[in-house]
Structure formats: structure tokens, C-alpha cells
Amino acid sequence: MFSKFALAAAVLSVFQSVVAETCSRQYTIMDGDTCDGISAAQNVSTYQLATVNAGTINSDCTNLQPSTTICLGWEGEDCNTTYVVVAQDTCDSVTAAFNINSTLLYGNNPQIDQACDNIYVGEVLCVASTIQAPPAGSAPVDTAIPSTATAAASATPTSTSSSSSSSDDGDDSDDGDDGDDDDMPFCDEL
Ligand SMILES: *[C@@H]1O[C@H](CO)[C@@H](O)[C@H](O)[C@H]1NC(C)=O
Ligand SMILES: *[C@@H]1O[C@H](CO)[C@@H](O)[C@H](O)[C@H]1NC(C)=O
Ligand SMILES: *[C@@H]1O[C@H](CO)[C@@H](O)[C@H](O)[C@H]1NC(C)=O
């Protein structure tokens, strides 16, 4: 049952999760940086970078200020096991490649929509095998694909093989296995 004390503790804990986070990693912005570029290089998910910097970096990430320092993760809620989405990736291909279930993928990347049709090329996902990402907090999670990005499903694979450059749009019923494992970088290890 909920006592006044428990309620107060819950309120305090919510308050602390907003205010009293300790930064576990920092990064100093350089000229030409982009949010997803920083994320990919520093092993921070797109969601985590946005969430940790919700007060300073805008949702389009157009206000990065060179030589200012940002926080990359919060103590105890810092996912540093990441994967950069490439063309033709699906949630299934990502979970299979990292041997995680969709509960973990969605828990660590709450911006992914139910149909998983909003992951985009260059997006950085947390693929940890436990829930490590910071909770979404009070603000709604931005699920929109950036206007400059391409949805993974509709992107043409940047395959090095010259033989198959099949870019049939429209009816792309995700055959799952095209014999080209570019989109599953760690398959060999499984
Ligand atoms: C990011 O992760 C990769 C793979 O685990 C590792 O090799 C690399 O050193 C990491 N980079 C940073 C900046 O932590
Ligand atoms: C990743 O985070 C874990 C703690 O969650 C830490 O022990 C490890 O050193 C970190 N790895 C890198 C490359 O920062
Ligand atoms: C997903 O994986 C985690 C970690 O292995 C496990 O605790 C959880 O029960 C799994 N969830 C489902 C729905 O299988």
C-alpha cells in the first residue's frame, strides 16, 4: 500500500531522475559535428544523446555549438553498446545480429515505433542485452525520422557487390535473406 512516505519517495525519485543525474561521459563538440555522427563515434544511441541533452540540443539537432561540452550518458543509465543502422535493416535483423529480443531493443530505443518502420540509415541504436538506456521521462519521445535521413527500409543498400543493384521500390516485402549479409555485421560470430 502507498503511504505518504512512499508517495514522497516516489516523487523525490522522479525529481532526482530529472535533476540530479551524474554525467558518466562527456564530449566537446567540434566543427562539423552532427548528433548521429557524435553518437556513432562515441557509442551513444541517438535516443540517449537526445534524452540526456533534451534541454540544450534541439530536436533537429541544428544548434550544436562547437567547443561546448555535452554529456553523453548518465551514471547507471548509460548504454555504450551501440549499432549504426544501415540500409535494409529491420528490427528483426538487428535483434538477430545482436542476439537480443525485441523487448530489449524497444526498451533501450523507445523512439522505435511499433511497426519498426522509422529506423533510419545512420541512426544509432542501443543493442545492449540489458535495459540500460535512460527512461523516457515526461516529454514525448520523438519518433520522427529526421528530414535529412532515409528510412532503412526504403534506402538502397550500399553494397560493394556489382552484380545485384536491385532497387525495386514499392513492394519490398522484406525477404529477410538476400544472401548479402552487409546488414548483419556480426552474423559470422553467431
Ligand atoms: C565504441 O565501441 C567499439 C566496439 O566496442 C570500440 O572498439 C570503440 O573503442 C568504442 N569507442 C569509444 C569512443 O568508446
Ligand atoms: C561501457 O559501460 C560499462 C558500464 O556499463 C563500462 O564498464 C565500460 O567500461 C564501458 N565501455 C566503454 C568502451 O566505455
Ligand atoms: C528478453 O530478454 C531478456 C534478457 O535476456 C529477458 O530477461 C526477457 O525475459 C526477454 N523477454 C522476452 C519477452 O522474451
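Hydrogens, waters and symmetry mates play no part in the numbers below; they use all other heavy atoms, side chains included. What you are looking at is a predicted structure, and each value in this text was computed from that prediction instead of being measured. Counting convention: from 1, in listed order, for ligands and their atoms alike.
Nearest heavy atom pair, residue Y47 against residue N108, reads CD2-O, 3.9 Å. Nearest heavy-atom pair, Y106 versus Q114, reported as atom, atom and distance to 0.1 Å: OH-O, 3.2 Å.
The distance criterion of under 3.5 Å between nitrogen or oxygen atoms is met by N101 with respect to ligand 3.
Looking at D78 and Q48, their side chains do bring a donor and an acceptor atom within 3.5 Å of each other.
Put simply, the side chain of D33 reaches to within 4.5 Å of the side chain of Y27, judged on heavy atoms. Within the 4.5 Å cutoff, side-chain heavy atoms of L64 are placed close to those of C35. The shortest side-chain heavy-atom distance between N109 and E123 does not fall under the 4.5 Å cut-off. Put simply, the side chain of L125 reaches to within 4.5 Å of the side chain of I112, judged on heavy atoms.
Contact shell of ligand 2 (protein heavy atoms, cutoff 4.0 Å): N80.
The contact set between ligand 1 and A41, taken as ligand atoms under 4.0 Å from a residue heavy atom, comprises 13 (C). Close contacts of ligand 3 with L104, meaning ligand atoms under 4.0 Å from a residue heavy atom, involve 2 (O), 3 (C), 4 (C).
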